[in-house]
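To start, the structure itself, in structure tokens.
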Amino acid sequence: MKSLLYGVLLAGVAFAQVPFPNPQYLPPDASEGTQATQNSTIPNPQWSNLLGNALFYYDAQRSGKLPSTNRVSWRNDSCLTDGSDVGLDLSGGYYDAGDYIKATYPLSFTLMSTCWGALQFGQGYEISNQTAYLDSMLRWGLDWIIKAHPENNTLYVLVADIPSEGNYWGGDLDIPTPRTSYQINDTHPGTDAAAQASAAFSSCALLYSGVSFNSSSATSIKNDTYASLLLSHAQSLYSFAASASGGQQVYQNAVPEVADAYSSSGFQDDMVAAELFLGLATNSSDLIEQASQRYLQNQLGGSGGVFNWDSKTPGLAVLFSQIATTRSDLAGNLTGWQTEAERYFDDIVNDKSSSDASLTGGGLLWYNGDSDEASLNPALNAAMLMSLYSPFATSSSKSSSYETFAGNQLNYALGNNPMSSPYVVGMNPNSPQNPHSALASGGDNVAQIDSVPAQEAYVLYGAVIGGPDKNDRMYDIRSDWPEMEPALDLNAPMLTLAALHVMNDAADPFFVSLKNGAYASKKPSGTPCDAAFPCKKSGLSNAGKIALAIVLSLVGVLIIIVLAFFYNRRRAKRF
Ligand SMILES: *[C@@H]1O[C@H](CO)[C@@H](O)[C@H](O)[C@H]1NC(C)=O
Ligand SMILES: *[C@@H]1O[C@H](CO)[C@@H](O)[C@H](O)[C@H]1NC(C)=O
Ligand SMILES: *[C@@H]1O[C@H](CO)[C@@H](O)[C@H](O)[C@H]1NC(C)=O
Ligand SMILES: *[C@@H]1O[C@H](CO)[C@@H](O)[C@H](O)[C@H]1NC(C)=O
Ligand SMILES: *[C@@H]1O[C@H](CO)[C@@H](O)[C@H](O)[C@H]1NC(C)=O
Ligand SMILES: *[C@@H]1O[C@H](CO)[C@@H](O)[C@H](O)[C@H]1NC(C)=O
Ligand SMILES: *[C@@H]1O[C@H](CO)[C@@H](O)[C@H](O)[C@H]1NC(C)=O
Ligand SMILES: *[C@@H]1O[C@H](CO)[C@@H](O)[C@H](O)[C@H]1NC(C)=O
Ligand SMILES: *[C@@H]1O[C@H](CO)[C@@H](O)[C@H](O)[C@H]1NC(C)=O
């Protein structure tokens with residue numbers, strides 16, 4: 001009897017999270033993504049696979065000692081001594097993108113986005129049997145940020161230097177050391193990074209407390225012990241963000257080393273997000289009122305820009321609307337927040353000039369500047385926000401216009417585009433073959449990144465690539481990081497959108513209709529024209545070139561002035 005009890009307790013310890021399905025979910029071969037589902041019902045197996053694969057991508061990105069339950073056969077333990085330079089264990093967490101840095105700010109955004117989506121579409125994870133993988137994905141990130149937050153006013157925001165071109169390209173066995181750990185602290189604060197980490201913890205604390213924005217869509221992830229651990233970090237990080245003795249500032253002022261990839265344009269949006277999620281998690285109408293005052297004082301309304309790891313502003317009116325609807329005891333002004341959310345969405349849907357966006361010829365939502373690298377990110381994030389907001393809209397016609405627009409963007413990403421390629425690795429034979437990922441490539445010579453090996457060693461299942469260019473072209477060239485590099489934050493909206501479709505959609509996703517060879521017949525020849533590839537030279541004479549150069553440099557100066565005016569933030573520059 002005693003040993004039985006002991007065994008039960010041990011099992012409890014071994015399953016510190018939702019138990020995995022037995023057998024474990026593994027991505028099927030890409031060829032299965034052409035098999036039309038017979039007599040399909042909800043959940044449709046192809047949507048379930050998309051959600052399962054999108055989560056599987058995060059398993060492939062793990063750093064540290066891999067658990068016995070690791071599903072990615074080709075991954076090894078790595079970077080076990082991270083943090084040793086500062087006397088801490090900072091092993092674990094996730095590699096950010098195609099390289100091996102660990103970056104707290106975009107990771108926190110990713111976790112917040114994922115928990116926010118699951119607060120509404122949690123049933124999608126449930127009925128596809130993916131809740132255990134959601135739980136392990138979240139814990140792998142959150143547990144690492146807990147380690148990166150060893151004291152109230154200390155948060156590590158970067159481990160390992162952001163690589164420049166020509167740096168390490170190879171697998172996970174020889175990742176170069178030393179790897180420096182960079183922190184923000186009381187005298188050198190980073191308001192945005194601390195507030196965003198707080199928002200990640202409180203949004204996920206809500207999920208682990210069993211809260212849902214849709215009462216019929218809760219998940220079995222509920223765990224009050226874990227929720228209260230997350231909430232204590234959320235509170236501490238919020239205090240750090242709000243009242244560090246060094247004041248409030250963007251985090252690259254404290255840690256300039258982050259600036260090359262993840263420079264932040266401001267912190268008020270992060271502060272509002274932190275106050276909203278923390279206010280909801282602690283039932284504090286004061287915090288939510290403070291968020292509302294901050295939003296109005298900083299004039300965050302009226303924006304037409306993107307939603308992403310740097311800019312949360314377009315999501316705030318959505319979150320205010322969700323809280324004012326589901327918890328009217330905590331937040332008021334529902335009509336005001338709906339008006340602001342719908343102004344933003346209607347401008348996009350109706351292609352108004354007050355939105356910074358327009359559609360490409362093939363139908364992708366495009367923001368000049370922001371979409372030049374990782375073009376799918378602004379489009380999928382807009383689709384995610386519209387999908388989260390749709391049930392809270394003021395009329396069913398608005399709901400359906402947002403759902404239609406969001407569905408079109410998602411369909412584009414899933415293959416309804418001029419390349420006939422679903423931009424998720426391993427979903428279909430027409431999926432990209434060459435994601436820019438040092439982990440998956442199998443090569444170890446950056447000078448031969450595109451040719452050795454000819455075929456990537458490992459299929460990076462579930463990874464959303466950066467996305468096509470403004471002419472809807474995707475070249476599938478490994479070194480072309482603006483188009484081909486997956487990243488943690490790029491997959492987050494795909495999780496939420498896939499979970500929604502698992503819940504609501506019996507029909508197959510678009511890619512199932514794509515026949516073998518569809519992309520091959522459309523693949524553009526030559527090379528792209530972007531930050532990784534110099535644009536092709538024109539066929540002009542030398543005199544013509546000089547004349548053109550003079551004109552272009554004048555135009556260039558003008559463009560730079562205009563761009564500097566409109567785009568006061570730097571975008572991710574990933575290698
Ligand atoms: C809840 O989470 C805590 C903290 O991670 C863990 O120790 C515990 O085993 C979990 N409980 C269940 C029932 O999963
Ligand atoms: C699909 O439904 C049809 C008609 O109801 C039935 O004849 C057929 O056997 C079903 N196919 C499968 C694979 O269940
Ligand atoms: C989920 O698991 C249940 C029980 O094992 C199984 O019957 C069902 O087919 C699974 N659903 C999916 C989508 O994998
Ligand atoms: C993991 O180690 C094996 C050798 O044990 C190696 O073949 C494989 O390429 C490594 N994986 C990566 C991502 O480098
Ligand atoms: C605080 O952070 C700054 C910037 O990372 C760093 O230079 C300084 O050493 C840190 N202070 C302490 C006490 O660790
Ligand atoms: C809530 O979730 C259920 C499925 O569990 C879904 O049918 C319903 O449309 C959702 N409602 C809202 C308002 O999102
Ligand atoms: C750390 O922060 C928590 C939550 O804000 C607070 O309760 C605790 O007293 C703080 N600890 C120290 C040592 O200041
Ligand atoms: C917040 O309020 C809700 C609804 O009144 C309640 O269910 C929940 O337990 C409260 N949470 C906390 C942390 O007090
Ligand atoms: C309500 O929200 C709107 C934002 O759309 C804002 O302009 C207005 O001032 C808010 N009203 C109050 C009373 O907070």
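Remember, it's 1-based here, ligands and their atoms both numbered in the order they're listed.
Ligand 5 has a nitrogen or oxygen under 3.5 angstrom from a nitrogen or oxygen of Q183.
Between W144 and Y94, the distance from one ring center to the other does not fall under 6.0 angstrom. Taking the six-membered ring wherever Trp is involved, the centroid distance between the rings of Y226 and Y208 falls below 6.0 Å.
Close contacts of ligand 1 with N223, meaning ligand atoms under 4.0 Å from a residue heavy atom, involve 1 (C), 2 (O), 3 (C), 8 (C), 10 (C), 11 (N), 12 (C), 14 (O). Taking a cut-off of under 4.0 Å to the non-hydrogen atoms of A254, the atoms of ligand 5 that pass are 4 (C), 5 (O).
In this structure, the side chain of R478 does not engage the main chain of S441 through any donor-acceptor pair within 3.5 Å.
Within 4.0 Å of ligand 4, heavy atoms belong to protein residues W74, N76, G171, D172, L173, L439, Y458.
In this structure, D476 does not pair ionically with K523, as no charged nitrogen and carboxylate oxygen lie closer than 4.0 Å.
The aromatic rings of Y100 and Y168 sit tilted relative to each other, their planes meeting at an angle between 30° and 60°.
A cation-pi arrangement is present between R71 and Y133, with the terminal nitrogen or guanidinium carbon under 6.0 Å from the aromatic centre and inside a 45° cone about the axis.
Within 6.0 Å of atom NZ in K65, 12 or fewer heavy atoms from other residues, nucleotides or ligands are found, so the atom counts as exposed in its surroundings.
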